[in-house]
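To start, the structure itself, in structure tokens.
Order of appearance sets the numbers: ligands from 1, and atoms from 1 within every ligand.
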Amino acid sequence: MNCNFKAAEILEKAEKKQGALKTLVYDSKFANIKQLFALVCETHKFSSILQEIIESTKLLKHTKIRVQLAKVLVYDLLMGQGIKCGGSWKAMMMKHRSRLQAELARIKIKQKVSRNEDLLPARVQRVAGEQLPRYVRVNTLKTTVEDAVDYLKRDGFSYLGQASRLDDLTLKKKEFVKDLHLPQLLVFAPKTDFHNHFLYKAGHIILQDKASCLPAFLLNPTPGSHVIDACAAPGNKTSHLAAIMENKGKLFAFDLDAKRLATMSTLLLRAGVTCHKLAHQDFLTIDPDSPQYKDVENILLDPSCSGSGMVCLKDHASNEEEEDQTRLASLASFQLRCLNHGLRFPRLKRLVYSTCSIHRQENEEVITACLHQNPNFRVVHALAHWPERGLEPLSQCLRASTSKTRTHGFFVALLEKHSMSRDMKLGTAVQMSHQDVAPQSLTVCGKRPPASEDSEAPETEEQQTAAEGQTDSTSGKKKRKRKKKKAAATVK
Ligand SMILES: C[S@@+](CC[C@H](N)C(=O)[O-])C[C@H]1O[C@@H](n2cnc3c(N)ncnc32)[C@H](O)[C@@H]1O
């Protein structure tokens with residue numbers, strides 16, 4: 001189907017509140033998702049100006065097409081690629097081109113601006129003004145960061161060194177730096193285009209938003225380990241996992257969508273990934289007790305979400321009041337089911353949960369409910385220096401946004417199973433308190449994790465005591481334990 005037509009169909013569905021733009025785009029099964037996504041986002045962004053042009057030129061009357069299609073075609077003709085999709089609509093639009101161009105020029109003169117972007121409503125301009133840097137992840141399966149930097153320098157880019165503050169990510173044309181948080185990430189000026197660059201075509205670099213690099217980075221599976229990427233396509237995080245695993249071990253990747261899996265196959269081939277096993281399967285139907293998954297210790301779960309963190313969609317249904325609550329509830333319920341399912345794998349040690357949503361329902365609330373139902377897991381306080389944390393009380397989790405991290409809106413939680421020895425240290429009382437108290441207080445136990453590689457400095461004894469003293473049953477057990485200890489000491 002023609003890209004313009006598909007884009008119009010999606011805009012119409014979004015207006016009827018049948019879903020968020022991103023989900024609708026991905027659900028469309030369109031062959032070129034990237035192209036469709038860009039067209040939908042841009043048309044949506046300029047919607048009010050396009051409407052004005054269409055009305056004053058009486059385009060609908062002349063062409064008998066629906067308003068959403070008219071918007072897409074006018075956008076493409078006046079501001080986009082010049083209607084590449086062609087066909088009969090192209091001929092039709094060319095007939096009206098000079099009138100449409102004249103109307104756009106008239107609006108610009110009236111508003112005393114010269115650029116199309118300056119016509120955008122203030123709130124949209126604010127978001128567009130927060131243009132994100134271009135993040136480039138170096139694919140260490142094919143090259144090293146140093147070699148990539150050298151290549152780019154020889155190619156005319158100007159290397160400014162290692163960033164140390166967020167402000168260092170504000171870059172001008174051709175400048176680039178190493179990221180301040182993620183060692184394999186290079187940062188360039190917004191809209192630096194690498195699609196035709198040798199390093200991209202050869203799979204040496206992957207174009208991936210910084211926030212989307214967090215899940216694999218935090219999971220950090222060791223080479224040789226067995227890992228599941230539960231909702232994997234189109235596979236950027238899978239290829240990141242494979243790079244961390246140095247292509248050693250087993251990486252099981254599942255997705256429901258055959259087309260996205262096909263794209264993923266190409267991406268993984270280009271990236272030189274060989275340790276994966278792709279399956280066109282519903283993750284919820286995977287048997288955790290099947291012998292082939294008996295050694296799985298790590299799971300990355302990046303399930304379908306509302307996509308409300310994607311910058312270009314911020315102007316659309318981006319806050320909780322506007323977003324369809326029924327839809328959010330259904331997404332959250334699916335996300336929780338996936339999360340609970342992931343935690344059923346018998347040898348699982350760590351699971352990273354992520355979404356590109358900014359809604360508490362899909363993020364902190366899912367984690368809270370999950371902890372409530374899985375008292376043998378806790379949330380790890382990840383990446384202590386990350387500037388934006390999960391909403392209270394889940395500050396162990398990470399959030400990301402244009403303003404605080406210069407990325408798309410994102411959420412990541414790292415869950416870890418209590419090891420036997422840790423459970424013993426914490427006492428079974430902690431597990432009991434998980435089950436017995438309200439979900440919000442559950443995180444108190446998660447908030448004071450025993451030391452682990454990603455957790456903050458070990459807590460004080462005082463904090464530990466406070467955490468353990470959440471319920472009567474807990475303190476009762478503690479008292480009994482202390483009494484026993486005292487008695488034992490006396491005997492000695
Ligand atoms: C947010 S996207 C994943 C993006 C991917 N992790 C990446 O980094 O490229 C969510 C994916 O989950 C898939 N999905 C949805 N429900 C699923 C299920 N029950 N089992 C497996 N995959 C599922 C969708 O088809 C979609 O490709």
Side-chain angles (χ1 to χ4, degrees), residues 19-30 33-34 36-37 135 137 139 182 185 206-219 221 227-244 251-271 273 276-288 293 298-310 313 327 330-342 344-345 351-359 362-363 366 400 407-413:
L21 287 178
K22 185 191 165 208
T23 316
L24 292 168
V25 168
Y26 281 123
D27 288 351
S28 71
K29 317 255 187 280
F30 191 72
I33 289 281
K34 230 177 213 166
L36 179 65
F37 193 55
Y135 291 105
R137 176 168 63 77
N139 178 13
L182 304 181
L185 206 62
I206 313 275
L207 307 180
Q208 191 171 355
D209 183 54
K210 176 172 171 172
S212 139
C213 295
L214 287 170
F217 178 74
L218 291 183
L219 194 63
V227 182
I228 285 180
D229 190 348
C231 298
N236 274 340
K237 296 181 190 76
T238 319
S239 91
H240 193 186
L241 286 170
I244 296 169
L251 180 45
F252 302 97
F254 305 104
D255 204 281
L256 266 185
D257 188 319
K259 269 214 176 122
R260 280 163 73 90
L261 277 173
T263 311
M264 177 165 175
S265 251
T266 316
L267 189 148
L268 296 185
L269 186 69
R270 192 170 58 202
V273 176
H276 63 293
K277 201 165 164 236
L278 284 196
H280 181 204
Q281 240 171 311
D282 180 345
F283 173 61
L284 292 169
T285 65
I286 303 297
D287 176 10
Y293 308 122
N298 297 287
I299 293 183
L300 192 152
L301 174 63
D302 184 39
S304 302
C305 69
S306 64
S308 54
M310 302 299 288
L313 306 179
R327 201 175 145 266
S330 134
L331 279 168
S333 141
F334 161 73
Q335 291 151 353
L336 179 60
R337 273 196 300 140
C338 288
L339 198 41
N340 282 337
H341 191 68
R344 286 183 49 212
F345 284 75
L351 181 149
V352 165
Y353 171 81
S354 61
T355 72
C356 55
S357 162
I358 54 170
H359 297 312
E362 296 178 89
N363 299 327
V366 169
T407 64
H408 287 283
F410 210 78
F411 173 85
V412 197

Can you report which non-hydrogen protein atom sits closest to [atom], along with the distance?
| atom | answer |
| --- | --- |
| atom 2 (S) of ligand 1 | Arg260 NH2, 3.4 Å |
| atom 16 (N) of ligand 1 | Phe334 CZ, 3.3 Å |
| atom 6 (N) of ligand 1 | Asp302 OD2, 2.8 Å |
| atom 4 (C) of ligand 1 | Ala233 O, 3.1 Å |
| atom 15 (C) of ligand 1 | Ser304 OG, 3.2 Å |
| atom 13 (C) of ligand 1 | Asp255 OD2, 3.2 Å |
| atom 7 (C) of ligand 1 | Ala232 O, 3.6 Å |
| atom 19 (N) of ligand 1 | Asp282 OD1, 2.7 Å |

Checking the N or O distance criterion of under 3.5 Å, is ligand 1 in contact with [X]?
| X | answer |
| --- | --- |
| Pro303 | no |
| Phe254 | no |
| Asp229 | no |
| Leu284 | no |

Is [X] touching ligand 1 with its side chain, its backbone, both, or neither, if touching means heavy atoms under 4.0 Å apart?
| X | answer |
| --- | --- |
| Cys356 | neither |
| Cys338 | neither |
| Gln281 | backbone |

Sub-4.0 Å atoms of ligand 1 with respect to non-hydrogen atoms of Gly235: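 Selected atoms, number and element: 7 (C), 9 (O).
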State whether a side-chain donor-acceptor pair under 3.5 Å links Asn139 with Ser239.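 No pair is found: no donor N or O on one side chain lies under 3.5 Å from an acceptor on the other.
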May I ask you to check whether Gln335 and Thr355 show a side-chain donor-acceptor distance below 3.5 Å?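 The criterion, which ignores hydrogens and geometry beyond distance, is not satisfied for Thr355 and Gln335.
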Between the candidates Pro234, Ala230, Ala258, which shows the shortest non-hydrogen contact distance to atom 21 (C) of ligand 1?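 Ranked by closest heavy atom to atom 21 (C) of ligand 1, first place is Ala230.
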Tell me, do Leu261 and Asp257 make a side-chain contact under 4.5 Å, heavy atoms counted?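 No, every pair of side-chain atoms sits at 4.5 Å or beyond.
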Sub-4.0 Å heavy-atom contact, Cys305 with ligand 1: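 No, Cys305 has no heavy atoms under 4.0 Å from ligand 1.
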For the pair Asn363 (side chain) and Phe411 (backbone), establish whether a donor and an acceptor sit closer than 3.5 Å, ignoring hydrogens and angles.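 Judged by distance alone, no pair lies under 3.5 Å.
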Tell me whether the rings of His341 and Phe345 are parallel (<30°), tilted (30 to 60°) or perpendicular (>60°).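 The arrangement is perpendicular - the two ring planes meet at more than 60°.
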